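Here the structure comes first, spelled out in structure tokens, and everything after it is commentary.
The shown structure was predicted, so the numbers you read here are calculated from the model rather than taken from an experiment. Residue numbers begin at 1 in each chain, while the letters A, B, ... track the order of the sequences.
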Amino acid sequence: MHIPDGLIPAQVCAAGYAIAGLTTWYSLRQMNRKPDPTAEIPKASLLTAAFFVASSIYIPVPPVSVHLILNGLLGVVLGYFAFPAILIGLFFQALMIGHGGLTTLGVNAAMMGIPALVAYHLFNLRQTLGRALPDRVALGGFAFLGGALGLGLSTLIFLVLVITTIPAGFDVDTERSIILALSLAHIPLMLIEGSFTTLLVLFLHRVKPELLEG
Amino acid sequence: MTYQKSTRLAAGLAAGATLAWALPTLAHGIVLGYEPVNSVEIQAHYDTGEPMAAAQVVVYAPDDPNEPWMQSTTDAEGLFTFTPDASQPGNWEVMIRQAGHGGIVTVPVAAANGEEVVSEDSGADNGTAVIQGQTDTTSSENLSSVQQGIAIGAVIWGFIGTALFFARGKR
């Protein structure tokens, strides 16, 4: 779901960098407000590694195949650390695996990172909306929502971005229908990543609950 | 009248053709010639190795990079072949796209014999259009799988090392 180099206009790339830059600044400021900002770096660093590897794991959803993104999971577990983590992960993906590209790094970071922050806030809603539910149900349920909707929002942004930037000379209808098919293939992936987020959150809650406080 | 004549002639020819069924082109001279041209074959596949079948292809000529010179699609094996116009030397750009994925390949084409090479830095042979090398949009393609594996491993180790460093600092 990464947008590669050369397929979208330069203005969109520049806007992507601008948005990603602002969001990075905001995330870093939020991180700096924590009593000990370095305390969460081990967790963030390990999940960056997981994010980096995840895009090489393909899941066949006939007729296409999709790969894991895990941006919702990063948002749920890392909070504001998720945005820099995704930015760094995408940078290395562009360099090493050839997913995405350096000109589209900003666009991709905004596309995956901002939904991660949304996922974090969704997950935090468990403390208000989920208060009536049993503890573990609220935890698992909102983790699922965060993991699934984080990815879903990214897919939606991807869909809008690539459909509105089909260059002249391409058959718009054909391209549009394939893009829609690919986006629909992300619905099962949303369920997979949502369940995965739930499992991880419940596991962390059992073994090391303080990791989820961030 | 010429019209009638030609009609009759056609009728006669048709009759003749029917009679001489085995030799339908008896009276028509055929000139066959050939000219060697250099075609470019673009191979498009995903990094899983799966070919990009039926992806849309647009070719841009060097003298007008905004207007599509040719539109087509790749075949089932993700292959697409075209013959660049040798009278337009320079960098031909081939854009391949499917479902928002794809990329641009630049194909340098040197001038045909006697023509000046415009914006072409690598040496051109005389005689025919020359297509040099194969460029790929993804940087990973330049590395062997072992090199790529080592590089990816180094990156992952970098992340784990960062985690270990800050985990140690806490204690």
Side-chain angles (χ1 to χ4, degrees), chain A residues 1-8 36 38-53 55-56 58 60 64-65 67 85 88-89 91-99 101-102 158-159 161-163 165-172 174-183 185, chain B residues 46-50 52-60 65-73 93-106 136-143 147-171:
Chain A
M1 214 182 64
H2 301 63
I3 296 178
D5 281 330
L7 285 197
I8 56 170
D36 183 6
T38 59
E40 288 191 43
I41 288 182
K43 187 175 71 173
S45 187
L46 286 181
L47 279 170
T48 310
F51 176 81
F52 171 70
V53 176
S55 83
S56 303
Y58 284 85
V64 293
S65 73
H67 61 76
I88 294 167
F91 175 73
F92 282 108
Q93 279 174 358
L95 279 188
M96 298 291 162
I97 319 182
H99 281 192
L102 291 182
F158 173 79
L159 182 71
L161 265 178
V162 293
I163 276 193
T165 56
I166 298 174
F170 283 91
D171 182 9
V172 176
T174 317
E175 181 70 3
R176 192 175 287 165
S177 57
I178 302 176
I179 293 171
L180 281 175
L182 183 72
S183 302
Chain B
Y46 293 105
D47 56 359
T48 49
E50 187 192 346
M52 275 179 90
Q56 295 198 50
V57 183
V58 173
V59 181
Y60 297 92
N66 294 319
E67 284 299 310
W69 184 77
M70 181 186 182
Q71 288 162 245
S72 186
T73 52
E93 294 199 325
V94 182
M95 191 191 261
I96 298 189
R97 179 176 160 134
Q98 187 172 47
H101 295 75
I104 294 182
V105 180
T106 306
D136 208 304
T137 45
T138 54
S139 54
S140 58
E141 294 289 322
N142 306 328
L143 301 173
Q147 286 170 315
Q148 206 185 345
I150 293 172
I152 290 172
V155 170
I156 293 171
W157 171 243
F159 290 135
I160 296 172
T162 311
L164 290 175
F165 175 77
F166 282 97
R168 184 202 60 121
K170 269 303 286 174
R171 273 171 205 155

Nearest heavy atoms of A:P4 and B:G102, plus distance in Å: CG-O, 3.3 Å
Heavy-atom proximity to chain B below 4.5 Å, by part of A:H2: backbone
For chain B, the option from A:T48, A:I88, A:L182, A:I163 that forms the most heavy-atom pairs under 4.5 Å: A:T48
Heavy-atom pair of closest approach, residues A:T165 and B:R97: O-NH1, 3.7 Å
Any residue meeting ring pair (Phe, Tyr, Trp, His ring centres under 6.0 Å) with A:F92, in chain and number order, not counting sequence neighbours: B:F159
Closest approach of A:M96 to B:I152 (non-hydrogen atoms, all atoms of both residues): CB-CG1, 4.1 Å
Per-residue contact mode, B:Q71 against chain A (heavy atom under 4.5 angstrom): side chain
Per-residue contact mode, A:L7 against chain B (heavy atom under 4.5 angstrom): both
Considering all heavy atoms, the nearest A:E175-B:Q56 contact: N-NE2, 3.5 Å
Taking every non-hydrogen atom, the tightest pair across B:A163 and A:S45: N-OG, 3.6 Å
Separation between OG1 of A:T38 and CZ of B:F165, rounded to the nearest 0.5 Å: 9.5 Å
Interchain contact, A:S177 with chain B, by part (heavy-atom threshold 4.5 Å): neither
Ring pair (Phe, Tyr, Trp, His ring centres under 6.0 Å) involving A:F158 - partner list, sequence neighbours excluded: B:H101
